[in-house]
Asks: 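Dropping the structure in here first, questions after.
The analysis underlying the following values was restricted to heavy atoms, covering all of them including side chains, and did not include hydrogens, waters or symmetry mates.
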Number of protein chains: 2
Amino acid sequence: MKKISEKSIERLILYRRILGNLLTENQSKIFSHQLSRLTDVTSAQIRRDLMVTGYSGSPVHGYDVEALLKSICDYIDTPGDQGVAIFGLGHLGRSVMGYFNTRQPRLKIKAAFDTDPDKVNRVLHGIRCYRTDQAKDIIETQNISVGILAVPQRIAQDVATLMVNSGITGILNYAPTRLELPPQIYVENRDMILAVEKVAYYSKKNNT
Amino acid sequence: MKKISEKSIERLILYRRILGNLLTENQSKIFSHQLSRLTDVTSAQIRRDLMVTGYSGSPVHGYDVEALLKSICDYIDTPGDQGVAIFGLGHLGRSVMGYFNTRQPRLKIKAAFDTDPDKVNRVLHGIRCYRTDQAKDIIETQNISVGILAVPQRIAQDVATLMVNSGITGILNYAPTRLELPPQIYVENRDMILAVEKVAYYSKKNNT
DNA sequence: ATTCCCCTGTGATTGTTTTCACAGTGTAAT
DNA sequence: ATTACACTGTGAAAACAATCACAGGGGAAT
């Protein structure tokens with residue numbers, strides 16, 4: 001299994017989703033140029049990305065949707081399940097829960113954490129909310145490695161540190177703050193303010 | 001003004017924010033390696049990025065925070081203000097509002113839109129919510145170019161089309177769907193599910 | 001059977017982004 | 001005055017990513 005770029009990984013994840021959709025629509029075969037239209041990725045790029053999975057399509061019938069899907073999953077997924085925890089049950093945390101209910105077999109939200117006593121022990125979308133100080137215990141026993149940081153900016157760093165101390169190894173950070181954490185922790189920044197500013201920059205360009 | 005990469009734009013926006021913070025802390029000078037620590041960007045990269053703004057620092061004192069900030073703003077900002085509208089006032093839309101209240105002089109949320117009669121005409125964080133069918137009128141009169149798409153996946157494409165028809169030229173898309181829109185419209189995808197899956201991929205790697 | 005066609009997989013190429021490395025600069029210390 | 005120093009700005013190199021372009025393959029049409 002050789003090194004592969006972050007961009008390729010994102011695209012593979014995207015292909016996987018699209019293939020899953022196709023499967024539920026009973027489409028069993030697909031060509032790279034069709035997948036291209038569904039993903040806004042060039043067909044050459046798609047073929048290149050798929051190389052790493054080892055799966056080969058047929059020049060005549062294209063790719064078998066089910067087999068390709070399995071091949072991508074084998075490449076991307078870790079053996080066994082991975083747990084996800086949400087830190088912060090404000091609007092953002094709840095909206096993530098909402099979007100997440102799409103069936104994601106190997107990835108499951110197992111717990112939420114908040115300090116607000118009104119939220120603790122409530123169950124939302126089938127997920128129970130715990131006190132933040134219970135995090136270490138629950139994360140260890142439930143095999144949770146992914147944490148979604150959805151708290152106000154003011155406390156983002158403290159909560160992130162707590163997440164790491166509790167055993168989280170990958171963080172999805174929505175707060176507009178750079179987190180200082182040990183280097184072996186993977187952090188994906190999804191800074192909401194920055195995203196708006198970026199769109200503002202590119203949307204004005206078109207006006208001229 | 002020459003071509004510059006998307007990544008550079010994102011970083012410039014980040015530098016701008018950090019510099020703004022420094023200014024409120026009354027720090028007036030900064031070296032590239034200090035900014036590097038605050039942003040997780042190498043100092044060489046920072047100097048390279050700053051080239052496009054035309055601003056030059058002093059080899060002795062580093063950069064003047066205020067002057068550099070102004071220089072970046074001159075480069076990034078359009079003359080005049082830009083309006084932002086939020087489509088969908090569920091949890092996600094409200095959380096964007098919450099994060100946004102940081103002072104953003106040239107970028108302002110001017111309206112929200114929703115079809116739910118319970119939400120229409122309510123005012124949240126100082127932003128009024130309108131009926132979706134009022135969008136075209138309001139967007140035209142209020143100089144709104146940026147739209148944040150925060151609706152359920154099911155209706156994302158329809159609302160996006162409506163946004164474009166109403167005059168929006170840049171869309172920040174949080175739904176896990178690729179939008180089909182005219183090519184001159186800028187779309188920034190911030191697919192929430194994909195982000196979680198990506199973190200899951202990279203967080204497992206560290207465990208081995 | 002032969003030709004044609006459209007697809008895949010991939011080596012080669014092109015294009016882009018990041019890093020390296022160093023000349024140039026101005027202050028401070030001796 | 002001279003030297004030493006720590007930084008910037010940037011050409012050049014390296015690393016990385018996307019695209020091109022074509023050999024190879026097999027079904028369909030003639």
Side-chain angles (χ1 to χ4, degrees), chain A residues 1-15 18-19 22 27-72 75 183 189 198 201-202, chain B residues 1-15 18-19 22 27-72 75 183 189 198 201-202:
Chain A
M1 201 194 256
K2 41 167 132 163
K3 231 194 67 194
I4 185 181
S5 76
E6 224 173 289
K7 293 261 204 103
S8 288
I9 289 292
E10 288 190 23
R11 286 191 300 259
L12 284 171
I13 292 170
L14 178 61
Y15 306 152
I18 303 282
L19 292 169
L22 291 174
Q27 181 171 346
S28 66
K29 301 283 182 185
I30 193 164
F31 293 118
S32 63
H33 64 268
Q34 297 175 303
L35 197 49
S36 170
R37 247 183 296 111
L38 296 170
T39 56
D40 287 348
V41 178
T42 65
S43 59
Q45 181 75 73
I46 290 175
R47 294 200 299 275
R48 185 58 78 187
D49 287 334
L50 297 183
M51 278 178 71
V52 299
T53 70
Y55 177 78
S56 262
S58 144
V60 179
H61 305 108
Y63 302 99
D64 183 89
V65 174
E66 193 168 0
L68 178 54
L69 179 59
K70 180 174 180 316
S71 198
I72 295 177
Y75 182 80
N189 289 302
K198 184 179 171 190
Y201 176 81
Y202 284 106
Chain B
M1 202 195 257
K2 42 167 130 164
K3 229 196 68 192
I4 185 182
S5 77
E6 223 173 290
K7 294 262 205 101
S8 287
I9 289 293
E10 287 190 25
R11 286 191 300 259
L12 284 171
I13 292 170
L14 177 61
Y15 305 152
I18 303 283
L19 291 170
L22 291 174
Q27 181 172 344
S28 66
K29 301 283 181 184
I30 192 162
F31 293 117
S32 63
H33 63 268
Q34 297 175 303
L35 197 48
S36 170
R37 249 183 296 110
L38 296 171
T39 55
D40 287 347
V41 177
T42 64
S43 57
Q45 181 76 74
I46 290 175
R47 296 200 298 276
R48 186 56 82 181
D49 288 334
L50 296 183
M51 277 178 70
V52 299
T53 70
Y55 178 79
S56 263
S58 143
V60 180
H61 303 107
Y63 302 100
D64 183 89
V65 174
E66 193 167 359
L68 177 54
L69 180 58
K70 180 172 181 318
S71 198
I72 294 176
Y75 182 80
N189 290 302
K198 183 178 173 191
Y201 175 82
Y202 284 105

Asks: Write down the distance between CZ (B:Arg37) and P (D:dC7), rounded to a whole number of angstrom.
Replies: 11 Å
Asks: Which one, C:dT18, C:dT8, D:dA18, comes nearest to the side chain of A:Phe31?
Replies: C:dT8
Asks: With a 4.0 Å cutoff (strictly under), does any side-chain N or O of A:Arg11 reach OP1 or OP2 of D:dA18?
Replies: yes
Asks: Starting at NZ of A:Lys29 and ending at P of C:dT8, how long is that distance when rounded to a whole Å?
Replies: 12 Å
Asks: Ignoring backbone atoms, test whether A:Ser32 places a side-chain nitrogen or oxygen under 4.0 Å from the OP1 or OP2 oxygen of C:dT8.
Replies: yes
Asks: Out of C:dG9, D:dG9, C:dT18, which has the shortest distance to the side chain of B:Ser56?
Replies: D:dG9
Asks: Take atom CD of B:Gln45 and atom P of D:dA15, then tell me their distance rounded to the nearest Å.
Replies: 16 Å
Asks: Just the rounded figure in Å: distance from P of D:dA17 to CD of B:Glu6.
Replies: 15 Å
Asks: Determine the minimum heavy-atom distance between A:Asp49 and A:Arg11, stating which atoms define it.
Replies: OD2-NE, 2.7 Å
Asks: Take atom NZ of B:Lys29 as the centre, draw a 6.0 Å sphere, and report whether it contains more than 12 heavy atoms from other residues, nucleotides or ligands.
Replies: yes
Asks: How many Å lie between CE on A:Met51 and P on D:dT19, as a whole number?
Replies: 16 Å
Asks: Between B:Leu19, B:Leu14, B:Leu22, which is the residue that forms a side-chain contact (heavy atoms from CB on, under 4.5 Å) with B:Leu38?
Replies: B:Leu22
Asks: For the pair made of CD1 in A:Ile46 and P in D:dA17, what is the distance, rounded to whole Å?
Replies: 18 Å
Asks: To the nearest Å, give me how far apart CG (B:Leu50) and P (D:dT10) are.
Replies: 11 Å
Asks: Would the distance check show the side chain of B:Gln45 and the main-chain N or O of B:Thr42 forming a donor-acceptor pair, the cut-off being under 3.5 Å?
Replies: no
Asks: Nearest whole Å is fine: how far is C:dT18 C1' from B:Ile4 CD1?
Replies: 14 Å
Asks: At less than 4.0 Å, is any side-chain N or O atom of A:Ser58 found next to OP1 or OP2 of C:dT8? Yes or no.
Replies: no
Asks: For a quick test of reading the model: is some side-chain N or O of B:Thr42 closer than 4.0 Å to OP1 or OP2 of C:dT19?
Replies: yes
Asks: How does protein reach along nucleotides 23-30 of chain D, written 5' to 3' as B (base within reach of a heavy atom under 4.0 Å), S (only sugar-phosphate), or - (no contact)?
Replies: -B-SS---
Asks: Could you please name the option among D:dT19, C:dG9, D:dC7 that lies closest to any side-chain atom of B:His33?
Replies: D:dC7
Asks: List the atom of B:Ser32, the atom of B:Ile46, and the distance in Å for their closest heavy-atom pair.
Replies: O-CD1, 3.7 Å
Asks: From A:Tyr15 OH over to A:Leu50 CG, what is the distance, rounded to the nearest 0.5 angstrom?
Replies: 6.5 Å
Asks: So which protein N/O to nucleotides 12-15 of chain C N/O distances come out below 3.5 Å?
Replies:
unit_1, atom_1, unit_2, atom_2, d
C:dA12, N6, A:Arg48, NH2, 3.1

Asks: If I take atom CZ from residue B:Arg47 and atom OG from residue B:Ser56, how far apart are they, to the nearest 0.5 angstrom?
Replies: 12.0 Å
Asks: At 4.0 Å (heavy atoms only), tell me whether B:Ser8 reaches a base, stays on the sugar-phosphate, or touches nothing.
Replies: nothing
Asks: Does D:dA18 have OP1 or OP2 sitting under 4.0 Å from an N or O in the side chain of A:Lys7?
Replies: yes
Asks: Could you pull out the closest heavy-atom pair between B:Asp64 and B:Tyr55, with the gap in Å?
Replies: N-OH, 3.1 Å
Asks: Going from CD on B:Gln34 to CZ on B:Arg37, what distance comes out if it is rounded to the nearest 0.5 angstrom?
Replies: 6.0 Å
Asks: For a quick test of reading the model, state the closest non-hydrogen atom pair linking B:Gln27 to B:Val65 and the distance between them.
Replies: O-CG2, 3.4 Å
